[in-house]
Protein chains: 4
Amino acid sequence: MSTGPQPSHPSADHLRFDRNDLHRFMQTAWPERADAYDPDRFSIFEPSACRYHYPVGVDDLRPGETVSGPTLMRLADTVAYALILGHLGDAALAVTTSLSIDFLRRPVGPVIVTDCQMVKLGRSLAVFRVAMVSTADDGEPRLDRPEAVANVTYSLALT
Amino acid sequence: MSTGPQPSHPSADHLRFDRNDLHRFMQTAWPERADAYDPDRFSIFEPSACRYHYPVGVDDLRPGETVSGPTLMRLADTVAYALILGHLGDAALAVTTSLSIDFLRRPVGPVIVTDCQMVKLGRSLAVFRVAMVSTADDGEPRLDRPEAVANVTYSLALT
Amino acid sequence: MSTGPQPSHPSADHLRFDRNDLHRFMQTAWPERADAYDPDRFSIFEPSACRYHYPVGVDDLRPGETVSGPTLMRLADTVAYALILGHLGDAALAVTTSLSIDFLRRPVGPVIVTDCQMVKLGRSLAVFRVAMVSTADDGEPRLDRPEAVANVTYSLALT
Amino acid sequence: MSTGPQPSHPSADHLRFDRNDLHRFMQTAWPERADAYDPDRFSIFEPSACRYHYPVGVDDLRPGETVSGPTLMRLADTVAYALILGHLGDAALAVTTSLSIDFLRRPVGPVIVTDCQMVKLGRSLAVFRVAMVSTADDGEPRLDRPEAVANVTYSLALT
């Protein structure tokens, strides 16, 4: 069987992994965290954008039933990592180099919709914008009123 | 003459200054910088959003005809300040408390379209997201491919 | 019984809680997280500065025995929160408003020394600088070669 | 004449340019900005650290005689760029990829002492911490009470 040439570099317009490939990859590469990449919880997984619906757990709450800051930071990092892996496939390594987050409103859950846009996929860096907002289990997210917004940068080392 | 009650706090849904009020205010408050608030250069100036078309000058360029980083940082701060002043009017004071910016692609001008969204107007802080992209003089901005994105936070002291 | 006047505002030069007060406070206010404020793990707890020695757990590791980014973000937030609580005592409320972190080198543990400096204690905001570096259990931290540095800002609401 | 081998990569422990080399380089590479790299204004210029004494000009002031935010952002970027050029010499290219700054206290000048530490010099990124504080013309800077602190990251492309 003959296949065409592989693209020399990941592209912002093309995914190498879909959400199921991603989940299978994580089950092998990091099984303890694979549940955080549940394919059924991505309502969007396409080139340069994804959206994840995260169910808040009891360990995620601070007193007063507020979702904790570290939960939101981990979620921003996790969902951006899902999208960069989608673009890179398993032929590459991505490492978070910086993350900045603004906490804007009190997050209460029970679901945190996490919306991720890739704003740049460069030769050595990829940059993401992440917005997070609480919804009811079946609600529409009010992404114009996010509870937190984050910028996440990954350094890429192609193998 | 009778006027209705004034709102007790600035609102994300209501401007106290339009782009002409803003310009007049700056001509009095800070005349040396009033040109940076030219009302004709705002293509959008509405509650929670504005867009400014900045003509790159010779002092803004680095070698290689690249728009300098400090020019973009000043522009992000200026346009976010325009929008917070629109919301606050002159009955308040706003001071930048933090700014973070990611430089994504090489900006070349000749115009930098600067798109500003207010993501929060709180009691003591206001947070803005700013995206900047080069266009031709009469071109459509490619805001999905920004050259820089910034988050700007102002501390508010109501008078 | 008569007591003297209370200071009207927390001071950068004075702690209201020492590390034991802090731990007792957390045991009541947020018992699930009180272990993260173990008084014996602070080698420094003084006005404007503290240092915490965090033992890396198995859940903190990524594949390759690297301490995960979310672990470091949570740690930066936790140690800065310890210090602001030390300054505020229980008569106040502090909420993280922003956090930015740069990941510089691969952290491996087994202990992460987390060094926190308060760079500002204002009327409405407090700002911290946090540096994190791996050490052996009894080693000296190489704080000139941090693995991550973070800036953390809290909004203060005095009660 | 025979010279030994050149190091294959810039080192955090070694400068390729001293402050005079830097100034001469800027006079050729970017003459309009060379004055910002006046060798006599660096009180420190050594591996991984430099300190610049910037005289505030009339254009740098906002109403109320406050040094403007954009002046401080440009200064942070300029001084960090001086130090990375010192390490790289002219055999390399450095581009700012991100800058974040916290404004902590009102800067009044007449001199802004700008203290820069390199916290990482990696293969593809260099990260700097910058603190800025006002002094009298001949005063000692109170670097424990900075008016602004910034983190600046450069992307390196070795030529």
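Each chain gets a letter, A, B and so on, in the order the sequences are listed, and its residues count up from 1. Please read all numbers here as calculations on a predicted model, not as lab measurements.
Heavy-atom proximity under 4.5 angstrom to chain C picks out nothing from residues 48-58 of chain A. Proximity to chain C among residues 32-47 of chain A is not found for any residue, judged by heavy-atom separations below 4.5 angstrom. Contact annotation for residues 59-83 of chain A against chain C (heavy-atom separation below 4.5 Å, listed by residue number): L61(A), R62(A), P63(A), P70(A), M73(A), R74(A), D77(A), Y81(A).
Partners of F128(A) according to the ring pair (Phe, Tyr, Trp, His ring centres under 6.0 Å) rule, which considers only residues two or more places apart in sequence or in another chain, are Y154(A).
Comparing V95(A), T153(A), I101(A), N151(A) by heavy-atom pairs within less than 4.5 Å of chain C, the highest count is held by I101(A). Most heavy-atom pairs under 4.5 Å with chain C: of the set D102(A), T97(A), L104(A), this distinction falls to T97(A).
For chain A, no part of A150(C) is nearby; none of its heavy atoms comes within less than 4.5 Å. For A29(A), the part lying near chain C is the backbone, with the side chain staying farther off; criterion is any non-hydrogen pair under 4.5 Å.
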